[in-house]
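Beneath this line is the structure, given in structure tokens, with notes to follow.
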Amino acid sequence: MATSNLISIASPLPLPESSSLAATEDGRLRDSHGRAITDLRISVTDRCNYKCVYCRTGEENVQFTELPIEHYLRMIRIFVSLGIEKVRITGGEPLLRAGVVDMIAELAQMRTSYAGDDGPSNQKLDIALTTNGHLLETMAAPLKAAGLNRVTVSMDAVDSDTFSRITRVPRSFDRVLAGIRSARDAGLGPVKVNCVLLRGFNDDQIERFAEFSRTENVIVRFIEWMPLEEPSSAPGSRTWAPETVVPMDEIVSRLNAYRPLVDLAPNAASETARRFTFDDGIGEIGIIAPVSRPFCGHCSRVRLTSDGKIRTCLFSQSDHDLEKKIMQGKSDPEIETYIRQIVFRKEARHHIGEPGFLKPSRNMVHIGG
Ligand code: SAM
């Protein structure tokens with residue numbers, strides 16, 4: 001079954017007629033599995049100033065273009081008119097993108113179109129940003145002033161040497177730590193710190209991250225490594241294999257040995273992380289387990305790449321050229337219909353670890369995590 005599914009995902013299917021969508025839609029953006037799509041992740045640049053060994057080859061080549069900010073804003077406006085409530089800015093490294101603060105100020109003016117879990121329509125968007133934190137120290141306050149609500153900082157070690165070994169950028173740890181503290185002080189909280197664990201490489205950091213959450217007052221989230229790295233034989237680069245993944249159960253048992261964990265309720269049905277605190281209520285840990293405990297059934301996400309392609313799943317075998325529609329001069333209603341047709345065909349789930357698994361048509365850094 002997995003194989004036949006993959007073949008059907010890989011081959012271009014005819015788009016559904018917009019009339020056939022009318023039968024299934026209640027106005028807001030939904031896929032054919034009935035999932036409401038409320039969360040848009042948008043990459044605003046393909047460039048990154050880090051070369052993390054589990055993500056990038058280490059070569060400096062930019063593969064995909066970036067669009068004028070106004071194009072992203074028009075796309076987002078249309079998505080919001082269809083039901084998007086949360087927008088996450090990502091990359092590449094989004095803080096490298098000139099104009100990102102002004103872009104957030106524009107997003108802060110937009111209002112939701114449909115009633116959501118948290119209340120009626122016409123609410124401000126939930127605007128978040130994922131960054132490696134290298135440029136965050138000075139940018140946190142302007143981002144907050146522009147209307148950013150929350151920031152997630154990627155940090156895969158809490159000691160300086162291991163961190164530089166991962167990012168392949170000397171003295172990067174101090175910069176990121178300063179960025180995290182600055183974000184927290186600017187009110188971009190609760191600050192989440194995401195750590196991708198690789199067995200035998202940085203899994204010795206689990207307990208130290210627990211300590212970090214408690215002392216720095218941030219939410220630490222451990223993420224299972226997915227097969228989304230750039231293919232590389234470059235020195236230091238890591239290639240995905242099932243045995244390099246540190247699964248949720250192992251992380252939980254290590255943390256419990258450090259100090260007893262206490263379950264926290266999910267914030268929402270589509271929450272990707274299982275949440276915990278410790279027995280004294282200090283610190284918060286999330287574990288995101290797309291490999292050992294996939295959460296596709298609740299997926300509410302769609303992605304836009306830096307060159308304006310829609311991706312309906314991290315593991316999609318193809319993407320869909322929204323920028324081309326803009327360049328062709330299509331009207332907003334025409335673009336809405338196109339988006340509905342694409343999103344309708346969102347994949348049911350990913351197939352990591354199954355026989356016949358195909359790597360996606362893009363790697364994480366070129367999609368936007
Ligand atoms: N540059 C920004 C950053 O570092 O957060 C945004 C882009 S980065 C690709 C987004 C996130 O994806 C980071 O937290 C990174 O650790 C994570 N990531 C990259 N490759 C991954 C993989 N193969 N599996 C799981 N997470 C991955």
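No hydrogens, no waters, no symmetry mates; every other heavy atom, side chains included, goes into these values. All values reported here derive from a predicted model rather than from experimental measurement. Ligands are counted one by one from 1 in listed order, and the atoms in each one are counted from 1 as well.
The nearest non-hydrogen atom to atom 7 (C) of ligand 1, considering only Pro290, Gly92, Cys52, comes from Gly92.
Between His134 and Tyr50, the ring-plane angle classifies as perpendicular under the 30° and 60° cut-offs.
With a 4.0 Å heavy-atom cut-off, ligand 1 is reached by the backbone of Asn132 and by its side chain too. Of all the heavy atoms of Thr130, the ones lying under 4.0 Å from any atom of ligand 1 are found in both the backbone and the side chain. Counting heavy atoms closer than 4.0 Å to ligand 1, residue Thr131 contributes backbone atoms (N, CA, C, O) but none from C-beta onward.
Cluster annotation: Leu96 and Leu129 are assigned to the same hydrophobic cluster (Ile/Leu/Val/Met/Phe/Trp/Tyr, side-chain heavy-atom contacts under 4.5 Å, transitive).
Counting atoms of ligand 1 from 1 in the listed order, those under 4.0 Å from a heavy atom of Gly91 are 7 (C). Listed by number with element, the atoms of ligand 1 under 4.0 Å from a non-hydrogen atom of Thr90 are 6 (C), 7 (C). Ligand-side atoms of ligand 1 in range of Leu228: 23 (N), range being under 4.0 angstrom from any heavy atom.
For atom 9 (C) of ligand 1, the closest non-hydrogen atom of the protein is Met364 CG, 3.7 Å. When only non-hydrogen protein atoms are considered, atom 4 (O) of ligand 1 lies nearest to Ser154 OG, 3.3 Å. Nearest protein neighbour of atom 23 (N) of ligand 1, counting heavy atoms only, is Met226 O, 2.8 Å. In this structure, atom 22 (C) of ligand 1 lies nearest to the protein heavy atom Trp225 CD1, 3.4 Å. For atom 10 (C) of ligand 1, the closest non-hydrogen atom on the protein side is Gly369 CA, 3.8 Å. Taking atom 26 (N) of ligand 1 as the reference point, the nearest protein heavy-atom neighbour is Val196 CG2, 3.5 Å.
Checking side-chain atoms of Ser331 against main-chain N and O of Glu334 turns up a donor-acceptor pair under 3.5 Å. Here the side chain of Gln205 pairs a donor or acceptor atom with the backbone of Val158 at under 3.5 angstrom. Formation of a donor-acceptor pair under 3.5 Å by the Glu207 side chain with backbone atoms of Tyr258 is not found in this model. Distance alone, capped at 3.5 Å, is enough to place a donor-acceptor pair between the Arg214 side chain and the Ile282 backbone. Side chain of Glu224 to backbone of Ser292: a donor-acceptor contact under 3.5 angstrom is found.
For ligand 1, the polar-atom distance check against Glu93 finds a nitrogen or oxygen pair separated by under 3.5 Å. Here's the thing with Tyr54: one of its N/O atoms is less than 3.5 angstrom from an N/O atom of ligand 1.
No cation-pi contact links Arg274 to Phe295, judged by a cut-off of 6.0 Å to the six-membered ring centre and 45° from its axis.
By the definition of a contact as any protein heavy atom under 4.0 Å away, atom 12 (O) of ligand 1 is in contact.
In this model, no donor atom of one side chain and acceptor atom of the other lie less than 3.5 Å apart for Thr90 and Arg303. Inspection of the Glu85 and Thr38 side chains reveals no N or O donor paired with an N or O acceptor under 3.5 Å.
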